[in-house]
Amino acid sequence: MEKKIAIIRGDGIGPEIMTQAIAVLDAVAAKFGHTFTYEDAPMGGNAIDAFGVPLPESSLKTCLACDSTLLSAVGGPKWDAIDPAIRPEKGLLGLRAGMGLYANLRPAELIPQLKDACPLRSEIVDRGINFIVIRELIGGAYFGEHKTWEENGEMAAHDVMAYKEHEIRRIARVGFETAMKRGRKLCSVDKANVLDSSKLWRKVVCEVAAEYPEVELRHMYVDAAAMQLVRDPSQFDVIVTENLFGDILSDEASQIVGSIGMLPSASLGDGACGLYEPIHGSAPDIAGQDLANPIGMILAAAMMLRYGLNMPDEAAAVETAVSRALEDGLRTGDIMEPGMQRVGCAAMGRAIVERI
Ligand code: IPM
Ligand code: MG
C-alpha cells in the first residue's frame, strides 16, 4: 500500500525522536511491502521562528491532505515570553480544532518489563494496570471564551467551560465503542455536583448508555477519580471525560504506569486523518544530546499503523520489536535500572529497527 504521512518534527527532543520513528516506519514498509511518503508540516516554536505563527495554514492543509499525521512534541522556554496569541501550544490547539479531532485516546498500560518503574506498591500493581483515558479534545474551557479585564481597580479573568449536547454525545459514543472492544466497563468522569456543564455531560452520557446495554457504566466525580487512580487503578477499563479533566487525569495515569516517555496517544475525529503523538512534552533540557527516549514516539507510530492506516500486523511488529528491545535489557536514561544496558536515543531506535 502507498500512504502519505504528515510529519510534525516539533521542538526540543521532537526532531531526534521523530527521526527514529521514521526509521522504524521505513523498516515496516520494507518488511511488509508498503511505500510510505512523508510530508513535513512545521508547527510549534520552530514554525514561529520560520513563519511567525505556530501553525501555518499550509501545515494544516498538508495534514488534512495526508492519510495520517505523526507529531512529536512542541514548545520550550525559548517561546515562553512570546505573545500568548502565538504560543507554540496555540499551534497544537489550532491543529486539533482544524482537523476536528474531538477524541483523544490515551492508553495507560503497565509494560511488564518496566514494572519496577511504577511508583505504586506492588500489591496494587499486581492487580494489573490497563486502562484508557478518552479525553474530549476540542471543547470545554480550552475552547470557551478566554477573557482578562480590569474591574474596580483589579484584574479579573475567566475561561468559559461550555459544552453542547452533540459534543458530549459524540465523545460518549467513542467511550462506549472503545469499552465494547475492551472490558465493557466505562467510567464517565465529571463534576456534576458543582458544574452545569458536568450535569449536562452526565445526562447525555446516560442517554447514550441506552444504546450500549452490554457496557457497565459508572459515574465518578473528578476529584474522586484522581484519588481512585492511585488507590486502585485496576478498577478502570475505559475512562471518558471532558477536556481539562482529561488533561489532568491522563498525566496522572502516565505517571502511574512508569515512564511518561513510553506512552503514545491518538487524536481522532470523524474525518479520515488522525493525529498520533507521544504524550510527553518536548523536554528542551535534554534536547540534542541523544538522551531522549524514542519509545513513546515509536509506539505512537505503531498506534497510527493500527488505527490510522488499518495495518494491525504492522503495528504489532513494532510493538513486539519494542518489547524485545526492552527484554534484551536496553534502556534509555529515564527508564534505566541496575543491571540494564544504558543506550541513547539513536541506539534505542536502531535496536528497535533491527527487531522489526
Ligand atoms: C496535552 C498537553 C496540551 C494540552 C498542552 C501542551 C496545550 O498538556 O496534550 O495534554 O493541555 O492539551
Ligand atoms: Mg497535558
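Numbering of ligands and ligand atoms starts at 1, following listing order. Starting from 1, each residue takes its place in the sequence as its number.
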Quiz item: Yes or no on salt bridge (Lys or Arg N to Asp or Glu O under 4.0 Å) for Arg170 and Asp270, after CA distance, side-chain angles and deciding distance?
Solution: CA-CA 9 Å; Arg170 66 187 180 186; Asp270 292 326; 5.2 Å; no
Practice problem: Could you go through the salt bridge (Lys or Arg N to Asp or Glu O under 4.0 Å) check for Asp223 and Lys191 one step at a time? | Solution: CA-CA 8 Å; Asp223 49 349; Lys191 190 70 188 172; 3.2 Å; yes
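Distances shorter than 4.0 angstrom do not occur between any heavy atom of Glu277 and any atom of ligand 1. At a 4.0 Å cut-off, at least one heavy atom of Arg106 sits close enough to ligand 1 to count as contact.
Remark: Glu207 engages Lys203 in a salt bridge, criterion side-chain N to carboxylate O under 4.0 Å.
Remark: ligand 1 atoms within the under-4.0 Å shell around heavy atoms of Glu89 are 6 (C), 7 (C).
Among heteroatoms of the N, O or S kind in Asp247, OD1 lies nearest the Mg ion (ligand 2).
Atom CD of Gln289 sits in a crowded spot, with more than 12 heavy atoms from other residues, nucleotides or ligands closer than 6.0 Å. More than 12 heavy-atom neighbours from other residues, nucleotides or ligands sit within 6.0 angstrom of CZ on Arg306.
Polar contact with ligand 1: present for Arg96 (N/O pair, distance under 3.5 Å).
Looking at atom 10 (O) of ligand 1, its nearest protein heavy atom turns out to be Asp247 OD1, 2.9 Å. In terms of protein heavy-atom proximity, atom 11 (O) of ligand 1 is nearest to Tyr142 OH, 2.5 Å.
Only side-chain heavy atoms of Arg135 come within less than 4.0 Å of ligand 1; its backbone N, CA, C and O stay farther off.
Using a distance-only test at 3.5 Å, with no hydrogens or angles considered, no donor-acceptor pair links the side chain of Ser265 to the main chain of Arg106.
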